[in-house]
Amino acid sequence: MRFFLVSDDDSAAAVIRSVVFARGLEFPAGNQCGLADVPGLLRTLSQSSTPAEAQTTIVLVMPENTDKGLEAVSAICAAAPCRLLLVGSIADSRVVLRAMRLGAAEYLDLTDLSSELNLALDRIDQRRRKAFTIGVFSASGGAGCSLVAANLGCELAKKNSSWALGGRKVGGGDLATLLNLKTS
């Protein structure tokens, strides 16, 4: 995960850097810029050779002039495939709502920045570890559900993903036989 910070507020930027470093995440000094440098940041992101799966997260600290901040939000969301976290005052709910409608992923309260940012990064980590369940059922026995489930499990194993296979057949199952396993 790559981080970029857009901030003209040095104290908020220091808190953000310390939270990111405390989590052991990479955050090079060149990945921080001021609000006026957003066009240059967008050029850098568009020319980046980093693979798409390396999710980019931009943390933008809203300036006192919220209209300029919202312009930057609009430009970032329109130009860069990234997750945008905004940091600012939550006193004016209209600003928060406008920012979210423009495409910001989250709006973090500046007064409790450290814990808010940690919680947001926890949510990002959870989204990267998506889990799902696939069920294979039939109306009667002998339809081939165990065969389909075993083959699906083998294909998932080829992709280096974690998976589990369970059967609900009353009186014993045939998954072990299909997978050439010995049961104890």
Side-chain angles (χ1 to χ4, degrees), residues 1-134 156 159-163:
M1 184 179 332
R2 299 184 315 159
F3 281 93
F4 291 89
L5 173 60
V6 178
S7 177
D8 293 329
D9 182 345
D10 292 334
S11 62
V15 171
I16 293 166
R17 279 193 308 273
S18 69
V19 168
V20 171
F21 288 139
R23 294 177 73 94
L25 300 171
E26 188 177 326
F27 187 25
N31 287 8
Q32 181 176 343
C33 67
L35 192 66
D37 299 323
V38 168
L41 171 64
L42 295 176
R43 277 192 301 279
T44 300
L45 290 175
S46 69
Q47 297 169 354
S48 175
S49 62
T50 304
E53 59 268 7
Q55 179 67 38
T56 300
T57 299
I58 298 176
V59 181
L60 186 144
V61 179
M62 290 293 283
E64 291 291 325
N65 183 345
T66 56
D67 287 335
K68 287 190 178 195
L70 291 171
E71 287 174 17
V73 170
S74 179
I76 291 169
C77 291
C82 66
R83 180 179 298 109
L84 179 61
L85 305 178
L86 296 181
V87 176
S89 170
I90 58 170
D92 188 356
S93 61
R94 291 175 296 177
V95 172
V96 175
L97 184 60
R98 285 178 55 199
M100 298 301 287
R101 286 179 177 165
L102 288 172
E106 299 202 29
Y107 198 103
L108 311 176
D109 186 6
L110 183 61
T111 60
D112 193 17
L113 179 56
S114 181
S115 65
E116 290 257 333
L117 184 56
N118 271 311
L119 291 171
L121 294 175
D122 287 344
R123 286 187 292 272
I124 290 170
D125 286 343
Q126 289 172 356
R127 287 185 199 130
R128 288 192 319 175
R129 290 185 227 130
K130 291 183 179 177
F132 58 93
T133 303
I134 300 173
L156 290 172
K159 299 193 184 303
N160 289 328
S161 59
S162 297
W163 61 278

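What you see is a predicted model; the values in this text were computed from it and never measured.
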Novice: Which residues satisfy the side-chain hydrogen bond (donor to acceptor under 3.5 Å, both in side chains) test with Arg17, sequence neighbours excluded?
Specialist: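 Arg17 satisfies side-chain hydrogen bond (donor to acceptor under 3.5 Å, both in side chains) with Gln32 only.
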Novice: Using the side-chain hydrogen bond (donor to acceptor under 3.5 Å, both in side chains) criterion, which residues pair with Ser89? Sequence neighbours excluded.
Specialist: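 Scan of Ser89 (side-chain hydrogen bond (donor to acceptor under 3.5 Å, both in side chains), adjacent residues dropped) gives none.
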Novice: Which residues pass the side-chain contact (heavy atoms from CB on, under 4.5 Å) test with Pro81, not counting sequence neighbours?
Specialist: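 Partners of Pro81 under the side-chain contact (heavy atoms from CB on, under 4.5 Å) test: none.
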Novice: Taking only residues at least two apart or on different chains, which pairs with a member in residues 64-81 satisfy side chain to side chain donor-acceptor pair (under 3.5 Å)?
Specialist: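 As it turns out, there is no side chain to side chain donor-acceptor pair (under 3.5 Å) pair with a partner in residues 64-81 once direct neighbours are skipped.
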Novice: So do Leu5 and Asn31 actually touch side chain to side chain, heavy atoms under 4.5 Å?
Specialist: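 Result no, sub-4.5 Å side-chain heavy-atom pair not found.
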Novice: Under the rule for side-chain hydrogen bond (donor to acceptor under 3.5 Å, both in side chains), what residues qualify as partners of Asp37, not counting sequence neighbours?
Specialist: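 Partners of Asp37 under the side-chain hydrogen bond (donor to acceptor under 3.5 Å, both in side chains) test: none.
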Novice: For a 4.5 angstrom cut-off between non-hydrogen side-chain atoms, does Val19 reach Phe27?
Specialist: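 In short, these two side chains do not touch, never coming nearer than 4.5 Å.
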Novice: Under 3.5 Å, is there a donor-acceptor pair linking the side chains of Ser7 and Asp9?
Specialist: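 No donor-acceptor contact under 3.5 Å links the two side chains.
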Novice: Is there a side-chain contact between Met62 and Val87 in this structure, where contact means two heavy atoms from C-beta onward sitting under 4.5 Å apart?
Specialist: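 Of all side-chain heavy-atom pairs linking Val87 with Met62, none is under 4.5 Å.
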Novice: Would you please test Leu41 and Phe4 for side-chain contact (heavy atoms from CB on, under 4.5 Å) and show each step?
Specialist: CA-CA 9 Å; Leu41 171 64; Phe4 291 89; 3.4 Å; yes
Novice: Can you list the residues that meet the side-chain contact (heavy atoms from CB on, under 4.5 Å) rule with Cys77, with sequence neighbours excluded?
Specialist: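 If we apply the side-chain contact (heavy atoms from CB on, under 4.5 Å) test to Cys77, skipping adjacent residues, the hits are Val73, Leu84.
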Novice: Work out which heavy atom in Leu42 is nearest to a heavy atom in Ala75; give both atom names and the distance.
Specialist: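 In terms of heavy atoms, the two residues are closest at CD1-O, 3.8 Å.
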Novice: Got a second to check how far Ser114's OG is from Leu108's CG, nearest 0.5 Å?
Specialist: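 Those atoms lie 11.0 Å apart.
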Novice: Provide the full list of salt bridge (charged side-chain N to carboxylate O under 4.0 Å, His left out) pairs with a residue in residues 107-119, sequence neighbours left out, each pair given once.
Specialist: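 Non-adjacent pairs meeting salt bridge (charged side-chain N to carboxylate O under 4.0 Å, His left out): zero.
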Novice: Identify, with sequence neighbours excluded, every residue that meets side-chain hydrogen bond (donor to acceptor under 3.5 Å, both in side chains) alongside Arg23.
Specialist: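 By the side-chain hydrogen bond (donor to acceptor under 3.5 Å, both in side chains) rule, Arg23 matches Asn118, Asp122, Asp125.
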Novice: For Ile58, run the side chain to side chain contact (heavy atoms under 4.5 Å, CB included) check against Leu86, Val38, Val6 and tell me which one passes.
Specialist: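 The passing option is Val6.
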Novice: Could you tabulate the donor-acceptor pairs under 3.5 Å formed by side-chain atoms of residues 92-105, not counting sequence neighbours?
Specialist:
unit_1	atom_1	unit_2	atom_2	d
Asp92	OD1	Arg94	N	3.1
Asp92	OD1	Arg94	NE	3.3

Novice: Answer yes when Arg123 and Glu106 have at least one side-chain N-carboxylate O distance shorter than 4.0 Å, and no when they do not.
Specialist: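 A salt bridge is present here (some side-chain N lies under 4.0 Å from a carboxylate O).
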Novice: By side-chain contact (heavy atoms from CB on, under 4.5 Å), which residues pair with Asp8, not counting sequence neighbours?
Specialist: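 By the side-chain contact (heavy atoms from CB on, under 4.5 Å) rule, Asp8 matches Leu35.
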Novice: Do Leu117 and Leu85 come close enough that some side-chain heavy atom pair is under 4.5 Å?
Specialist: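 Counting from C-beta outward, Leu117 and Leu85 do come under 4.5 Å.
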